Amino acid sequence: MTRNILIITGDYTEDYETYAVKQMLELVGYNVHLVSPGKKSGDFIVTAIHDFLPGEQTYTELKGHRIQLNFDFDKVDTATYNGLFLPGGRCSEFLRLNDRVIEIVKDFNTNKKPIAAVCHGAQVLTAANIVSGIKCTAYPACRPEVQQAGGIYQDIAVDDAVVDGHIVSGKAWPCHPKLIQLFIKLLGTNITHN
């Protein structure tokens, strides 16, 4: 059975939270569709790399890679996907304003399909009104949005992740090992070592 994951992203998504996640999911056998509103398969998005520099109060944004999308946003049929991943970065600011993105997120939620969000990806969850009563985390600057949407914000280590039901979340890309472990577990994938 083909296992399909949808990643909704866009220009100035966080580089690691998009492409590295795609590669990790493909490594364990998932077919991953990268999509962005208004774009088609073969189009590119630009990414940003966020990091902290000594003495600065917030993260800096460096130019990242160009990433080629591999599926048309307008052809997304949620019934064909097993899970949804929402990366962070500035793309979340405009993705949360797109009615079709919100419709897709709500459909995954209604059908209790695994949803993972990292960093500012929580802005899309809050815009879809699906975090009320849910324990979740996000980049700390998103805490007020999570709480205003009724979410139970978890102030965890940056390399940790939180699961509540079918939703898994993390603060930023250092959480990838834990976040992806929990996400694929929700998807029903077990990795064993001999």
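Nothing here was measured: the structure is a model prediction, and the numbers come from that model. Positions are given from 1, in the same order as the sequence printed here.
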### Query
Would you say the side chain of V76 lies within less than 4.5 Å of the side chain of Y81, judging by non-hydrogen atoms?
yes

### Message
Would the distance check show the side chain of D159 and the main-chain N or O of P174 forming a donor-acceptor pair, the cut-off being under 3.5 Å?
### Response
no

### Query
Would you call V162 and I156 a side-chain contact if the rule is heavy atoms closer than 4.5 Å?
yes

### Query
So, are E145 and R96 salt-bridged, with charged N and O less than 4.0 Å apart?
yes

### Query
Is the backbone of A157 close enough, under 3.5 Å, to the side chain of D160 for a donor and an acceptor to pair up by distance?
no

### Task
Name all residues meeting the side chain to side chain donor-acceptor pair (under 3.5 Å) criterion together with T13; count only those two or more places apart in sequence or in a different chain, and write none if there are none.
T9, T18

### Query
Does one hydrophobic cluster hold both L6 and I102, with members joined at side-chain heavy-atom distances below 4.5 Å?
yes

### Query
Does L62 belong to the same Ile/Leu/Val/Met/Phe/Trp/Tyr cluster as W173, with side-chain heavy atoms less than 4.5 Å apart forming each link?
yes

### Task
For the residue pair H120 and C142, establish whether any side-chain heavy-atom pair is separated by less than 4.5 Å.
yes

### Message
Quick check: closest heavy atoms across L125 and V105, and the distance to 0.1 Å?
### Response
CD2-CG1, 4.2 Å

### Query
Cluster question for you: counting only ILVMFWY and a side-chain heavy-atom cut-off of under 4.5 Å, with indirect links fine, are L187 and V21 together?
yes

### Query
By ring-ring contact (aromatic ring centres under 6.0 Å, His included), which residues pair with H176, not counting sequence neighbours?
none

### Message
Within 45 degrees of the ring normal and closer than 6.0 Å to the centroid, is that where the cationic atom of K171 sits relative to Y139?
### Response
no

### Query
Counting only N and O atoms by type, is there a donor-acceptor contact under 3.5 Å from the side chain of T137 to the main-chain atoms of Q154?
yes

### Message
Can a donor-acceptor pair be found, under 3.5 Å and without considering hydrogens, that links the side chain of N98 to the backbone of V101?
### Response
yes

### Message
If you count heavy atoms of other groups shown closer than 6.0 angstrom to NZ of K113, is the number above 12?
### Response
yes

### Message
Are the side chains of I184 and V28 in contact, using a 4.5 Å heavy-atom criterion?
### Response
yes

### Query
How many angstroms lie between CG in L34 and CD1 in I8, if you round to the nearest 0.5 Å?
11.0 Å

### Charged N-O contact under 4.0 Å between R100 and E103
yes

#### Entry: Step-by-step side-chain contact (heavy atoms from CB on, under 4.5 Å) determination, T47 to R66
CA-CA 6 Å; T47 70; R66 285 173 27 112; over 6 Å; no

### Task
Answer yes or no: is there an ion pair linking D11 with K39, defined by an N-O contact shorter than 4.0 Å?
yes

### Side-chain (S169) to main-chain (A138) donor-acceptor, under 3.5 angstrom
no

### Message
Same cluster or not: F73 versus I7, using hydrophobic residues (I, L, V, M, F, W, Y) connected whenever any side-chain heavy atoms lie under 4.5 Å apart?
### Response
no

### Query
Is atom OH of Y12 surrounded by more than 12 heavy atoms (other residues, nucleotides or ligands) closer than 6.0 Å?
no

### Query
Just wondering, more than 12 heavy atoms not from D99 lying within 6.0 Å of its CG?
no

### Task
Decide whether N31 and N4 meet the rule of one side-chain donor and one side-chain acceptor closer than 3.5 Å.
yes

### Query
Going by atom types alone, do Y16 and H50 pair a side-chain donor with an acceptor below 3.5 Å?
no

### Query
Can you check whether P144 reaches Y153 side chain to side chain, under 4.5 Å on heavy atoms?
no

### Query
Given the rule that I, L, V, M, F, W and Y join up when any side-chain heavy atoms are under 4.5 Å apart, are V32 and L27 in one cluster?
no

### Query
Just by distance, do the side chain of T110 and the backbone of K106 share a donor-acceptor pair under 3.5 Å?
yes

### Query
Looking at S92 and Q123, what are the two nearest heavy atoms and their distance?
CB-OE1, 3.4 Å

#### Entry: Value rounded to 0.5 Å, distance of CG in L86 from CG in L84
4.5 Å

#### Entry: Greater than 12 external heavy atoms within 6.0 Å of F108's CZ
yes

### Query
If you take all heavy atoms of A117 and A122, which pair is closest and at what distance?
CB-N, 4.2 Å

### Summary
Of all heavy-atom pairs linking G88 and C119, the shortest is CA-CB, 4.0 Å

### Query
Is there a side-chain contact (heavy atoms from CB on, under 4.5 Å) between I167 and I130 once you walk through the steps?
CA-CA 10 Å; I167 297 174; I130 66 165; 4.1 Å; yes

### Query
At their closest point, which heavy atom of H33 faces which heavy atom of N70, and how far apart are they?
CA-OD1, 3.3 Å

### Task
Supply the atom-to-atom distance S36 OG to F94 CZ, rounded to the nearest 0.5 angstrom.
5.5 Å

### Query
How far does CG of D72 sit from NZ of K40, to the nearest 0.5 angstrom?
5.0 Å

### Query
Charged N to carboxylate O under 4.0 angstrom, E61 versus R90?
yes

### Message
Is there a side-chain contact (heavy atoms from CB on, under 4.5 Å) between I115 and V168? Walk through the geometry before answering.
### Response
CA-CA 6 Å; I115 299 171; V168 59; over 6 Å; no

### Query
V46 and F44: side-chain contact (heavy atoms from CB on, under 4.5 Å), yes or no, with the steps?
CA-CA 7 Å; V46 293; F44 285 85; over 6 Å; no

### Query
Distance from I191 atom CD1 to H193 atom NE2, nearest 0.5 Å?
6.5 Å

### Task
Determine yes or no for a side-chain-to-main-chain donor-acceptor pair under 3.5 angstrom, with N111 supplying the side chain and D107 the backbone.
yes

### Gap between atom CG of D74 and atom OG of S41 - 0.5 Å precision
12.5 Å

## Note on the structure
Minimal heavy-atom distance between V118 and F85, with the atoms involved, is CG1-CZ, 3.8 Å

### Query
Are N109 and H166 linked by a side-chain donor-acceptor pair shorter than 3.5 Å?
yes

